[in-house]
Number of protein chains: 4
Amino acid sequence: MFAEAVVPPPSRPAQRAAREAAILGAALRIFAERGYGGARIEDIADAAGIGKGTLYVYFSSKRALLEGVVRAAADPGLAAIESIATQAEGEPAAVVRVIVERAKRALRNEITPVFAKVLVAEGGRAPEVSAVYRKEVMEPLLGVIADVIGRGIERGVFRPIDPNLAARLLLAPAMAAAISLEVFGVGDAGFEPDSLLDTHADLFLAGLQSV
Amino acid sequence: MFAEAVVPPPSRPAQRAAREAAILGAALRIFAERGYGGARIEDIADAAGIGKGTLYVYFSSKRALLEGVVRAAADPGLAAIESIATQAEGEPAAVVRVIVERAKRALRNEITPVFAKVLVAEGGRAPEVSAVYRKEVMEPLLGVIADVIGRGIERGVFRPIDPNLAARLLLAPAMAAAISLEVFGVGDAGFEPDSLLDTHADLFLAGLQSV
Amino acid sequence: MFAEAVVPPPSRPAQRAAREAAILGAALRIFAERGYGGARIEDIADAAGIGKGTLYVYFSSKRALLEGVVRAAADPGLAAIESIATQAEGEPAAVVRVIVERAKRALRNEITPVFAKVLVAEGGRAPEVSAVYRKEVMEPLLGVIADVIGRGIERGVFRPIDPNLAARLLLAPAMAAAISLEVFGVGDAGFEPDSLLDTHADLFLAGLQSV
Amino acid sequence: MFAEAVVPPPSRPAQRAAREAAILGAALRIFAERGYGGARIEDIADAAGIGKGTLYVYFSSKRALLEGVVRAAADPGLAAIESIATQAEGEPAAVVRVIVERAKRALRNEITPVFAKVLVAEGGRAPEVSAVYRKEVMEPLLGVIADVIGRGIERGVFRPIDPNLAARLLLAPAMAAAISLEVFGVGDAGFEPDSLLDTHADLFLAGLQSV
DNA sequence: GATGAATGAGGGTTCATTCAT
DNA sequence: AATGAATGAACCCTCATTCAT
C-alpha cells in the first residue's frame, strides 16, 4: 500500500560510524593530495558530503582529524600482523613469501602509499600520533617478522643475521616503493611494484638461504 | 682617513652566492621541521640572518624557494653518481659495497633524511620540481647502478635478474631508513643505520651471487 | 499495574512558568559572567537543565532572551516602587531612610548588581528594552522618590532643591556601588555597601535638612 | 620650482604613535557601541583608517586591544589626580567644588561615559585590566579626595565621617550619571549632568558642613 | 640593495538557529 | 513537547607579498 523507503535510513549509531568513516577517507585523500597545511577543512567536509560545521561534531580540530586518520590506518596494519602471526608456525621461507604477498596487496590498495606519505609528511608535526603508529603497528609487525626469521635461523635454514635488521630489510622495498609511487606518481616512478617485490622476495630468500 | 672594514666585504657575486646558500640551508631546515605549509617566510629569513624583504630579492616566492631547495639538493646526488661512475669498471661486488658505503655516508649527513622528508611531503605540491629531481638525480643514479649490476650479470658473477629492479632494491633500505629516521626520530627508530646497511650489503650480495 | 510517578508532574502551565523562570535565571547569570556576546545558548540551556532546542520553545532567539531577562528584572523594581508609594504619606526623612534601606537590601541580593551590569553592558544593543526599563521602572521609581522629597520641601523640612535631581542623587550611590561591586569584585571594591549607604543616608539628610 | 609636500609625512615614530592613538580611539568607540563581543576587528581597523592586518602590528590580539583601551583611558584619570593633589592645600570646601567641576568636565567629554561603559561591560572579562584601572586610577583618586576631606574634618569644618566613604559618595553621582547617559542616551536620561552635579556639590557640602 | 611596516585574502573554529527524530 | 546533530555565516588571526624608506 505504502511505498517502502528504498534505502531505509541508517540507525543513528550506524549513521555516526558511516560519517566518521567518510570523513576519515576524505581527509586521508586530501591530506595526501595537498598536505596537512594545504588541506582545507571545508574541502574535506565537502568531500565527505557534510557541512563544514558538522565535521567539528566528529573531530574537535584539524589536528584531531590527522590523529584520527593515522589511527584508522593502524587497523589494517594490525590485521596484517595477526594474519602473519597465525602462519608463523609454517615453513619460514614460505612465510616470508606470504609477507611479501601481503605487501604487494597493500601497495595495490591505494590507501597505503597515500597514508605513508601523510605519515612521513606530518609525522614530525604530530609526534604522539606517529609514536602510536610506530608502537602499535610498526614494532609489532617487525616483531612477528623477526620471529619468523629467527626461527628460520634456529632451524638452520637461514643464515645467522640479526633478525630485527632482516625484518626491516624485508619491508624496506615496500616502504621505498610506496613512497616513490606517491612522490613521482605511479606512471613516472619507472617500475612495477609487483615485479619489484617478487624480485625482492627471490633475492632476499636467496641471500638468506645461502651459506 | 676612514677606517677600513676589518673584514673586507666579500665581493658582490660571492656575497650573493653565500646568501643564497644561507637561505637555502635555512629553508631546508625549516621546511623539514614544520613542512612547507607550516614554514613561515619570516622564520626562514631570520634563520638565514636576513630581513624578510631581502629574501624576496633572492627568491621570488615561497614556491620558488622550495624549488631552489630541491634543486640545490640535486648537486650532492649528482656528485654521488659521478663518483660511482668512475668506479664502474671495477669488480661489481666491490662497487656495490662502495655504493652502500656512500649511502651510509649520506645517512650520516643530517641533510639527507631532511631532504628526503621534504621531497616526500612536498613533492606533490611541486611536481615539476620532483620530476626534475627524478630525472636528473634518481634516474641517472639508478642507471649507473643498474649498469654495474648488469655488468656483473654479464660476467656471470651475479644471478640474472632485472638490473633496474636490482638497483632499486639496492637503494631501498637507505631510502626506508632515511624516512624512518625522520618520521620516528633517530632515537626512536629502533635501529642503527650503519648496521642496517652493512647487513643489507651482505645479504644483497649473497643473494646476487648465489646460484 | 503501572508505577505512579512519585512526584506528580506539575501542571502544564506551572511547568512552563517554572522552566521559563529557570531559563531567565540561568541567562541572567551567564550574561553577567560572560556578557551577551560571550554567552552561549548551549551553556544557558545546560545551566537551566534543559536541551538547547528546548530553549527555543520558550524564547525565539538570543535577543528575545535578553529582553526577557530585562523584563523579568523589572518586577522587583516595580514592587519597590509600590512599597515606597504606600509609605509616601509618612515623615519624609523617615521615608528617605526606608528607601536607603531598600537599596541596601537590593545590593545584598546578588541579582541586582548582576542585572545592573547586564543592563549597562547590553542596554545599547537592545534600546527598546532599556527604554522599557527606564520608563516602567526607573522613571516611576524616581517619580515617587521625587514626590516624597517634594513633600518634604513643601513642608519646609527639606531645603528647596529640584526634587528630580535630589531623587537621582539619593539613588546614585547605590547605582555606583552596584557597578563597582560587579566590575571590581566584592572583595576588591574596597568598601562595605551597607556602611556606604548608611553614611550616605546621614549625609544626604543632613544636607537636605540644613538651612 | 617643485611643489612642496603640503603635509610633510610624519616621522616614523610619530606615525606609529598617531596610528596607535587612532586605533585606540576607534576601538573605544566601537567597543562602546557594540560591546567587546559585538565589535569586529575589521570595523575597528576601518574606523582607524588602516588595514585589518595592520592592527595586529600594533596590538597582538583583540584582548590586548581592550587592555590598551583601558590603559589609555587611565591617563586623563591620572592627570585629574595630579590636578587635585596640587590644590589639596586649599580650603577643603573649595577643593571639593574643584573636584566636582572636574567631574562635570569629564562628563562633557564624550570619552568618559563611553569608557565607563566599556569598563563595566568588559571589566569582569579582563580582570587584570580592570584591576590596573582600579589600582592606578580609582584608588589614587579616591585617596587624594579622602585626604582633602580628612583635612576638612581635622580642621573642624567638616562633620566627622569616614573620609573614604565620603570620597566615594562625592564621586558616585558622576559615575551614576555617566552610566545613565550611556545606557539611556543623553536625550532620554532625563537630567542635565551639570545641574545634577551642581546640586550635588551644594547638597554634599551642606551635609558635610552641617553640625 | 636591504628592510620591515602594511596589507588583505584565506582558513580554522565557534555558535545561533533549524529540523528530523 | 523535547532534543541535539547538522549547518554555514561570521569572525579572529596568520602570513605571503608588496613597497616606501
Side-chain angles (χ1 to χ4, degrees), chain A residues 9 11-13 15-16 19 34 36-46 48-65, chain B residues 9 12 15-16 19 36-46 49-65, chain C residues 9 12 15-16 19 36-46 48-65, chain D residues 9 11-13 15-16 19 36-46 48-65:
Chain A
S11 68
R12 276 300 182 84
Q15 154 117 330
R16 206 190 150 80
R19 286 214 163 158
R34 313 213 242 279
Y36 178 80
R40 290 168 42 200
I41 286 285
E42 186 158 18
D43 290 343
I44 295 173
D46 284 354
I50 60 173
K52 184 168 38 152
T54 308
L55 194 148
Y56 281 87
V57 175
Y58 291 81
F59 296 92
S60 63
S61 69
K62 194 182 185 183
R63 178 64 175 276
L65 183 53
Chain B
R12 279 316 173 82
Q15 153 133 351
R16 207 188 148 81
R19 283 216 168 154
Y36 178 79
R40 291 165 48 203
I41 287 284
E42 184 157 19
D43 290 344
I44 294 173
D46 285 354
I50 61 172
K52 188 175 22 160
T54 309
L55 193 148
Y56 279 85
V57 174
Y58 292 83
F59 296 91
S60 64
S61 71
K62 193 182 184 184
R63 178 63 176 276
L65 186 51
Chain C
R12 279 315 173 80
Q15 153 133 347
R16 210 190 146 80
R19 282 213 167 158
Y36 178 79
R40 292 164 49 203
I41 288 285
E42 185 157 18
D43 289 344
I44 295 173
D46 284 355
I50 60 173
K52 190 174 24 160
T54 309
L55 193 148
Y56 279 84
V57 175
Y58 293 83
F59 295 91
S60 64
S61 71
K62 194 182 184 185
R63 176 64 175 278
L65 186 51
Chain D
S11 68
R12 275 302 182 83
Q15 154 119 330
R16 205 188 151 80
R19 285 214 163 158
Y36 177 80
R40 290 167 42 198
I41 287 284
E42 187 157 17
D43 289 344
I44 295 173
D46 284 354
I50 61 172
K52 185 175 33 160
T54 309
L55 194 147
Y56 282 86
V57 175
Y58 292 82
F59 296 91
S60 62
S61 70
K62 193 183 186 183
R63 180 61 175 277
L65 183 53

With the side chain counted from C-beta on, respond yes when C/Arg19 and C/Val57 share a heavy-atom pair under 4.5 Å apart, and no when they do not. no

Using a 4.5 Å cut-off on heavy atoms from C-beta on, say whether the side chain of B/Leu65 contacts that of B/Leu55. yes

So which nucleotide from E/dG12, E/dT17, E/dT7 ends up closest to the side chain of C/Lys52? E/dT17

Which nucleotide in the set F/dC12, E/dT17, E/dA2 lies at the smallest distance from any side-chain heavy atom of D/Tyr56? F/dC12

Using a 4.0 Å heavy-atom cut-off across all strands, classify D/Ala39 as base, sugar-phosphate, or nothing. sugar-phosphate

If you look at every strand shown and take non-hydrogen atoms under 4.0 Å, does B/Phe59 touch a base, only sugar-phosphate, or nothing? nothing

Consecutive-pair stems (at least three Watson-Crick or G-U pairs, under 3.5 Å) that include DNA chain F: E:2-21 with F:2-21

For B/Leu65 and F/dC15, what is the distance between atoms CG and C1' respectively, to the nearest whole Å? 15 Å

From the list F/dA16, E/dA16, F/dA5, which nucleotide is the closest neighbour of the side chain of B/Lys62? F/dA16

Classify the nucleic acid contact of C/Arg19 as base, sugar-phosphate or nothing, counting any heavy atom under 4.0 Å across all strands shown. sugar-phosphate

Would you mind telling me which of E/dT13, F/dA16, F/dA2 lies closest to the side-chain atoms of B/Ile41? F/dA16

Quick one: which residue pairs count as a side-chain hydrogen bond (donor to acceptor under 3.5 Å, both in side chains) with a foot in residues 50-60 of chain B, not counting sequence neighbours? none

Out of F/dA1, E/dA16, E/dT7, which has the shortest distance to the side chain of C/Val57? F/dA1

D/Leu55 or B/Gly51, whichever maps to the more 5' nucleotide of DNA chain E: B/Gly51

